[in-house]
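Order of the sequence lines sets the chain letters (A, B, ...), proteins ahead of strands, with each chain counted from 1. Hydrogens, waters and symmetry mates play no part in the numbers below; they use all other heavy atoms, side chains included.
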There are 2 protein chains.
Amino acid sequence: MADVAGRAGVSSQTVSRVSNGMTNVDVATRDRVLAAMDELGYRPNSAARALKTGRFRSIGVIMFTLSTFGNMRTLDAIATASAEADYSITLIPVALPTQGEVAGAVSRLSEQAIDGIVIIMEAHMLDRADITLPEGLPVVIVDSDAGSRYTVVDADQAQGARLATEHLLDLGHRSVWHIAGPKSSFSAVRRTDSWRQTLHEHRIEAPEVLYGDWSAESGYRHGLALGARPEVTAIFAANDQMALGVLRALHELGRAVPESVSVVGFDDTEEASSFWPPLTTVHQDFSEVGRLCIAALLHEIETTSHETGTTIVPTRLVVRESTAPVS
Amino acid sequence: MADVAGRAGVSSQTVSRVSNGMTNVDVATRDRVLAAMDELGYRPNSAARALKTGRFRSIGVIMFTLSTFGNMRTLDAIATASAEADYSITLIPVALPTQGEVAGAVSRLSEQAIDGIVIIMEAHMLDRADITLPEGLPVVIVDSDAGSRYTVVDADQAQGARLATEHLLDLGHRSVWHIAGPKSSFSAVRRTDSWRQTLHEHRIEAPEVLYGDWSAESGYRHGLALGARPEVTAIFAANDQMALGVLRALHELGRAVPESVSVVGFDDTEEASSFWPPLTTVHQDFSEVGRLCIAALLHEIETTSHETGTTIVPTRLVVRESTAPVS
DNA sequence: GTGAAAGCGCTAACAT
DNA sequence: ATGTTAGCGCTTTCAC
């Protein structure tokens with residue numbers, strides 16, 4: 001910076017002003033500085049700036065794995081929204097969803113140059129005594145049960161599961177079987193609870209829940225078991241991958257979809273419309289969730305306020321060809 | 001840090017030594033400092049450290065979108081490998097794969113606190129005159145044609161396409177039709193070239209190429225066209241999603257897979273084994289690619305050497321149930 | 001094994 | 001509109 005100042009014949013302070021787009025600089029001077037910057041290939045040093053301002057213009061993101069559709073889409077939206085606000089994203093991956101791993105990530109995070117944190121995981125992971133979020137660092141949590149202590153943004157899991165279940169019931173099915181996500185996932189639990197609740201409201205006793213692990217393989221296994229039972233005519237899988245596995249199992253068993261069994265998924269992945277048959281599923285607006293996350297976080301960062309609260313993004317049912325009235 | 005020094009009754013310099021794990025500190029002193037750090041909740045300020053050392057311990061990643069399986073898996077591996085080396089990842093998303101957008105990302109990147117860059121995209125995007133990578137910043141590129149100017153790590157696209165094509169030929173198919181990825185993707189082009197070359201070596205004239213856009217929907221459209229032609233008995237899709245679309249089209253058309261038509265994909269996504277029928281596909285080791293990327297980059301960063309070169313990771317064919325001998 | 005001094009590149013506050 | 005001064009929190013150098 002001193003070099004630039006020297007070349008442009010001004011003080012380094014003026015260079016700083018130009019660099020930060022302040023308006024109180026003479027146009028001619030500004031041009032001269034800009035030219036000097038260009039010639040010297042000047043790039044501001046963000047470390048020095050951060051040291052001075054105490055702000056890093058970066059947001060830390062903690063997540064288990066990128067390998068689920070929802071996490072990936074949420075991350076994508078978060079990255080885009082941050083970029084628009086001129087914040088960068090610092091990724092802190094967590095190898096395993098164990099509390100020890102999370103504790104490690106949080107401690108690594110606290111040494112990072114960040115202004116706020118987005119956590120994409122169950123908040124109950126954060127309840128352990130040995131996990132302390134760095135004080136004074138705004139936090140927003142996605143996919144979580146954290147009621148009032150943190151700011152939470154999430155899709156309306158309960159409404160989505162209700163939509164799926166009622167759709168199947170409206171089609172005349174006597175009951176709806178459910179292949180759930182892992183018990184450790186709060187969104188999976190909410191979907192399951194809502195499915196049970198919906199059946200209950202229709203005076204139907206919920207069948208036993210089958211627990212999968214989000215993978216198509218687990219959907220296939222449970223699909224094989226369910227498909228073997230003639231009374232099963234409607235299956236609600238807690239995500240599209242497991243629904244794909246169910247579809248495969250049903251095909252193998254020779255049970256026609258949707259003529260003999262109806263199947264509904266959750267997420268509305270890109271591929272769901274190309275399954276065979278195209279899958280009826282619940283659409284989650286991950287982009288909106290990511291956007292709201294960043295909006296809430298930036299608000300906290302820039303106003304240093306601390307209003308926790310939960311924001312819920314609605315879901316909607318996308319009806320395709322994997323569901324039909326009972327025959 | 002001064003607070004800690006005061007509390008422990010040492011100089012701030014000693015605190016720094018403890019903080020950096022230097023060995024030349026008396027055990028008793030170290031314990032005292034550690035205790036003081038703990039009580040005061042001391043966290044080193046990475047900006048100040050970076051300002052001094054000129055190192056940020058962070059790697060910038062430029063990518064178009066997280067929404068393809070390969071990019072996501074590669075990013076996951078990169079994040080994990082970096083974390084192991086105690087580097088964090090700074091994401092620079094690029095909204096659109098246009099050169100203007102890339103130029104913007106690169107310029108944003110140059111102001112970031114990073115020690116090196118991983119670019120997951122076609123290198124020819126970087127050839128535009130108005131895109132200048134910050135000098136002195138090590139760069140590694142994935143999925144690219146950048147021969148000698150940059151360090152490149154990628155899966156062996158050509159070998160994968162050859163494996164797929166020869167598998168089909170070995171099964172007795174007279175020819176192999178190909179649904180390619182977009183022409184703007186270098187890996188797509190390499191797969192197409194290799195498919196054509198393989199047919200050529202078997203003295204078969206390559207049929208006209210159908211270009212998709214990686215989406216299942218585009219695979220479906222081309223699958224519909226191909227399935228209507230009885231002479232088409234073997235289809236090689238350039239990724240698993242397009243293969244999924246092909247499968248759907250073939251089902252709709254009433255052409256049995258694999259009895260009437262064999263289908264091969266590329267990538268070996270988690271779900272491919274749960275397609276109906278389970279998909280024969282080419283497995284890419286994205287994790288290995290990500291790992292090697294970071295290894296190469298860290299080498300350049302830490303030795304300040306600048307040896308460019310290309311590292312190729314082999315692929316392998318996973319035979320499942322979507323391929324069979326011609327009947 | 002430990003401390004004192006200097007300075008990394010930048011910006012906030014004040015002066016002109 | 002521009003310059004001067006001071007200092008952010010840390011590490012490097014050189015003493016002791």
Side-chain angles (χ1 to χ4, degrees), chain A residues 1-37 40-58 86 88 110-115 134-137 302 304, chain B residues 1-37 40-58 86 88 110-115 134-137 302 304:
Chain A
M1 179 177 252
D3 296 348
V4 176
R7 200 183 223 295
V10 298
S11 76
S12 63
Q13 179 50 228
T14 303
V15 177
S16 170
R17 281 195 262 259
V18 172
S19 178
N20 290 17
M22 315 245 117
T23 50
N24 54 346
V25 180
D26 196 82
V27 180
T29 316
R30 147 169 283 120
D31 286 348
R32 223 158 1 104
V33 172
L34 252 18
M37 281 180 174
L40 267 40
Y42 169 78
R43 299 285 167 209
N45 178 319
S46 58
R49 176 174 292 169
L51 181 56
K52 235 346 219 185
T53 61
R55 288 286 164 77
F56 304 97
R57 296 205 80 81
S58 185
D86 236 332
S88 65
S110 63
E111 296 182 13
Q112 290 292 334
I114 54 171
D115 304 311
E135 283 176 47
L137 217 45
E302 278 157 16
T304 62
Chain B
M1 180 177 252
D3 297 348
V4 176
R7 199 184 225 293
V10 297
S11 75
S12 63
Q13 178 44 39
T14 302
V15 177
S16 170
R17 281 196 261 260
V18 172
S19 178
N20 290 17
M22 315 245 118
T23 50
N24 54 346
V25 180
D26 196 84
V27 179
T29 317
R30 146 167 284 118
D31 287 348
R32 227 162 353 107
V33 173
L34 252 18
M37 282 181 173
L40 266 41
Y42 167 79
R43 299 284 167 212
N45 178 319
S46 58
R49 175 174 293 169
L51 180 56
K52 245 332 225 187
T53 60
R55 287 288 164 77
F56 303 97
R57 297 205 78 83
S58 186
D86 236 330
S88 65
S110 63
E111 295 181 13
Q112 291 291 335
I114 54 171
D115 304 312
E135 286 176 43
L137 218 44
E302 279 160 13
T304 63

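- Distance A/Met1 CE to C/dG7 C1': 16 Å, rounded to the nearest Å.
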**Request:** Could you go through the side-chain contact (heavy atoms from CB on, under 4.5 Å) check for A/Val33 and A/Arg30 one step at a time?
**Result:** CA-CA 5 Å; A/Val33 172; A/Arg30 147 169 283 120; 5.7 Å; no

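- Looking at B/Arg32, its side chain does come within 3.5 Å of a backbone N or O of B/Ala8 through a donor-acceptor pair.
- As rounded to whole Å, 16 Å separates atom P of D/dC10 from atom CZ of B/Phe56.
- Using a 4.5 Å heavy-atom cutoff, the side chains of A/Ser16 and A/Met1 are in contact.
- Counting heavy atoms from C-beta on, the side chains of B/Arg49 and B/Asn20 come closer than 4.5 Å.
- Remark: C1' of D/dG7 and CG of B/Leu51 are 12 Å apart, rounded to the nearest angstrom.
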**Request:** List the steps and the verdict of side-chain contact (heavy atoms from CB on, under 4.5 Å) for A/Arg57 and A/Ser46.
**Result:** CA-CA 9 Å; A/Arg57 296 205 80 81; A/Ser46 58; over 6 Å; no

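- To the nearest 0.5 Å, atoms CG (A/Leu137) and CD1 (A/Ile114) are separated by 5.0 Å.
- Counting to the nearest Å, the C1' atom of D/dT12 and the CZ atom of B/Arg55 are 15 Å from each other.
- Counting to the nearest Å, the C1' atom of C/dC10 and the CZ atom of A/Arg49 are 8 Å from each other.
- Distances shown here put every side-chain N or O of A/Thr53 at or beyond 4.0 Å from the OP1 or OP2 atom of C/dA12.
- Contact of the B/Arg17 side chain with the B/Thr23 side chain is not registered, since no non-hydrogen atoms from C-beta on lie closer than 4.5 Å.
- For A/Ala5 against A/Ser11, the heavy-atom pair with the smallest separation is CB-C, 3.7 Å.
- Between its opening and closing five pairs, the helix from C/dG1-D/dC16 to C/dT16-D/dA1 changes axis direction by 30°, a value rounded to 10 degrees.
- Of the residues in residues 16-36 of chain A, those placing a heavy atom less than 4.0 Å from an atom of DNA chain C are A/Ser16, A/Asn20, in numerical order.
- The side chain of B/Thr14 has C/dG3 as its nearest neighbour among C/dG3, C/dC10, D/dT4.
- When the nucleotides D/dT11, D/dG9, C/dC10 are ranked by their closest atom to the side chain of B/Gln13, D/dT11 comes out on top.
- Each of A/Asp26, A/Val25, A/Val4 was checked for a side-chain contact (heavy atoms from CB on, under 4.5 Å) with A/Thr14, and the lone residue meeting it is A/Val25.
- The NZ-P distance, from A/Lys52 to C/dG9, rounds to 15 Å in whole Å.
- Taking the side chain of B/Ala48 as heavy atoms from C-beta on, and the options D/dT4, C/dG9, D/dG9, the nearest nucleotide is D/dG9.
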